[in-house]
Trainee: 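Handing you a structure now.
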Amino acid sequence: MAMAAPVKVVLGSIAFGIFWVLAVFPAVPFLPIGRTAGSLLGAMLMVIFRVIPPEEAYDAIDLPILGLLFGTMVVSVFLEKADMFKYLGKLLSWKSRGGKDLLVRICLVSAVSSALFTNDTCCVVLTEFILKLARQNNLPPQPFLLALASSSNIGSAATPIGNPQNLVIAVQSGISFEKFLAGLFPAVLLGGLLNAAILLCYFWKLLSVEKDEEVASAVGEVVAEDDMTLHRFSPATMSHVASLNSQEFGSSLDAFARSPSLFGEFAHISSVRSRTNSIDIDVQNASNVGIESIRASNASRDVAEGAGIAQREEGVSSRRVSRTYSSQRCVSRAEASVQALDSKESSMEMWKSSVWKACVYLVTIGMLVSLLMGLNMSWTAITAALALVVLDFKDACPCLEKVSYSLLIFFCGMFITVDGFNKTGIPGALWEFVEPYARIDSASGITLLSLVILVLSNVASNVPTGAFFFLFFSATQVRSRIIFAQQFLLN
């Protein structure tokens, strides 16, 4: 492509430079607006500077890529809602044989899940389960988190839906899903095995602690904590105080018995009290003779009245007992009916939940089979997403709110910015200069191209680097674009 006018070249380079800086450094001090706003700013500058007309800017937006990205995100949301990643977390801990076995399982599960459900979702969801497993088994979490990060990136390179840049490369290069998988699966498999071997060698000593010792230490900590709790809430302090009080009382009685002065005074007082008590008893005996006759007559009337009252109280109490028993029976029957209804409702809810989860898994498997059959990737993903929305039979807003619309907007701005920069002619000129040294039909050229892609993808992020390098290949260089896609994904 020939170079454009110098003004367009300068203005287009400025707009693309702003986009590139904000995409690589979203929190740059002089303009901390983030990647999404930086992408829109670059697209707007391309239109304002007349580098690309507004009509062509709309045409530059690749709707198939956006549709495929949106569909895969919705499917991932429903898979998370159907506890798919929870089951993957349980698979990690199922009959685990220690830290080394857990590390290998994490490498395998994260690689497979990131290839099928995008690596971002895989890393976000599985991190929580890995941290829980590390705490439960008294293991350091660093080796397992590194295994998750590295294996998810390696595994996501196997399919077009594993990563956003995979979507761009697969759709724009025209590589089908099955060819994409067949071309990269051997390299992904080899990379995953090497990654697991390197992690095992590096953390071998750290993960060589015997599991029995770990369990014993954990049990010892729990027992010590339980002992402290029992000691803290033990009622022994109350019994200790009671025993002290009884001892003090006994000692005071002994001291009182040993004192002669106190004992003599106590004997004189007791003799005086016995004489006064005998006089009082004689007076009471004389008065009680007249009183007994009066009490006898009153007692007969009290007995008759008491018998009638007792009969009435027995009748009332019997009626109360019968009413209480009948009310208790009614309450017990009502509670039994409520429990039966609750059990039926809970069983029905569990059955509905199981059927719905099975439908989600079947729709996801159908989407993957359709992609392998070579059907349109974008419409396949959108169809699967809408099928899950309909099967959910609820308001889809809560699920659709979890979709990363900022990423979709970023891609829209990136498409316009990259297409405008391509119209300046700079990418074609750069490729003509670099092509003799980076020919893909020679080992030295492939090595140089791989090193450049490796460095830039780690320094400047995958998506901007992929978009930038893709400008170097014209539409007629299909084979070059396919080989470039393979080299980019491998790095």
Side-chain angles (χ1 to χ4, degrees), residues 11-49 51-52 57-58 60-74 76-77 114 117-125 127 149 152-153 156-157 160-172 400-422 424 426-427 452-472 485 488-489 491:
L11 294 177
S13 299
I14 293 173
F16 185 80
I18 293 174
F19 158 75
W20 183 269
V21 171
L22 293 177
V24 177
F25 308 103
V28 67
F30 63 86
L31 196 61
I33 60 176
R35 289 189 178 93
T36 302
S39 176
L40 291 177
L41 179 61
M44 183 195 68
L45 291 176
M46 286 290 182
V47 176
I48 291 176
F49 293 158
V51 178
I52 182 173
Y58 288 118
I61 298 175
D62 201 330
L63 292 178
I65 294 177
L66 296 179
L68 179 57
L69 189 60
F70 173 79
T72 53
M73 285 191 288
V74 173
S76 298
V77 169
S114 62
F117 314 120
T118 72
N119 65 342
D120 296 335
T121 305
C122 172
C123 290
V124 170
V125 179
T127 299
S152 61
N153 279 308
S156 64
I161 61 176
N163 232 326
Q165 67 268 13
N166 297 20
L167 302 177
V168 177
I169 293 172
V171 174
Q172 291 189 354
L400 296 180
E401 287 176 355
K402 297 181 180 180
V403 174
S404 179
Y405 294 102
S406 60
L407 181 62
L408 299 177
I409 296 173
F410 171 80
F411 269 87
C412 292
M414 185 190 71
F415 289 142
I416 298 173
T417 305
V418 169
D419 191 65
F421 188 62
N422 190 29
T424 61
I426 294 177
V452 173
I453 294 172
L454 177 64
V455 173
L456 287 179
S457 61
N458 282 276
V459 174
S461 184
N462 291 341
V463 177
T465 302
F468 178 74
F469 272 93
F470 222 84
L471 296 174
F472 293 161
F488 178 81
L489 291 169
N491 289 283

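Atoms considered below: every heavy atom in the structure, side chains included; atoms not considered: hydrogens, waters and symmetry mates. Numbering starts at 1 and runs along the sequence shown. Since we're looking at a predicted model, the values are computed, not measured.
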Trainee: For S39 and T36, indicate whether the former's side chain and the latter's backbone hold a donor-acceptor pair under 3.5 Å.
Mentor: no
Trainee: What heavy-atom pair brings S76 and T118 nearest, and what distance separates the two atoms?
Mentor: OG-OG1, 4.1 Å
Trainee: Using a 3.5 Å distance criterion without hydrogens, assess whether the side chain of D62 forms a donor-acceptor pair with backbone atoms of V168.
Mentor: no
Trainee: How long is the span from the CE atom in M44 to the CD1 atom in I18, to the nearest 0.5 Å?
Mentor: 9.0 Å
Trainee: Nearest 0.5 Å, what's the CG-CG distance between L167 and L68?
Mentor: 4.5 Å
Trainee: Could you check whether any side-chain heavy atom of I52 comes within less than 4.5 Å of a side-chain heavy atom of V47, counting everything from C-beta outward?
Mentor: yes
Trainee: Side chain to side chain contact (heavy atoms under 4.5 Å, CB included) with L63: which residues, sequence neighbours excluded?
Mentor: I61, L66
Trainee: Which heavy atom of I426 sits nearest to which heavy atom of S13, and what is that distance?
Mentor: CD1-OG, 3.1 Å
Trainee: Indicate the atoms forming the closest heavy-atom contact of S152 with N119, along with that distance.
Mentor: O-CB, 3.7 Å
Trainee: Could you tell me if the side chain of V21 sits less than 4.5 Å from the side chain of L31, heavy atoms only?
Mentor: no
Trainee: Rounded to the nearest 0.5 Å, what's the gap from CZ on R35 to CG on L40? Could you check?
Mentor: 14.5 Å
Trainee: Would you give the length of the straight line joining atom CG of L45 to atom CZ of F16, rounded to the nearest 0.5 angstrom?
Mentor: 13.0 Å
Trainee: Once rounded to the nearest 0.5 Å, what's the spacing between atom CG of N163 and atom CG of L69?
Mentor: 10.0 Å
Trainee: Drop me the distance from C123's SG to N153's CG, to the nearest 0.5 angstrom.
Mentor: 6.5 Å
Trainee: May I have the list of side-chain donor-acceptor pairs in residues 405-415 shorter than 3.5 Å, sequence neighbours left out?
Mentor:
unit_1	atom_1	unit_2	atom_2	d
Y405	OH	L400	O	2.9
S406	OG	S404	OG	3.4

Trainee: List the atom of P64, the atom of V171, and the distance in Å for their closest heavy-atom pair.
Mentor: CB-CG1, 4.2 Å
Trainee: Which atoms form the tightest heavy-atom contact between T417 and M46, and what is the distance?
Mentor: O-CE, 3.5 Å
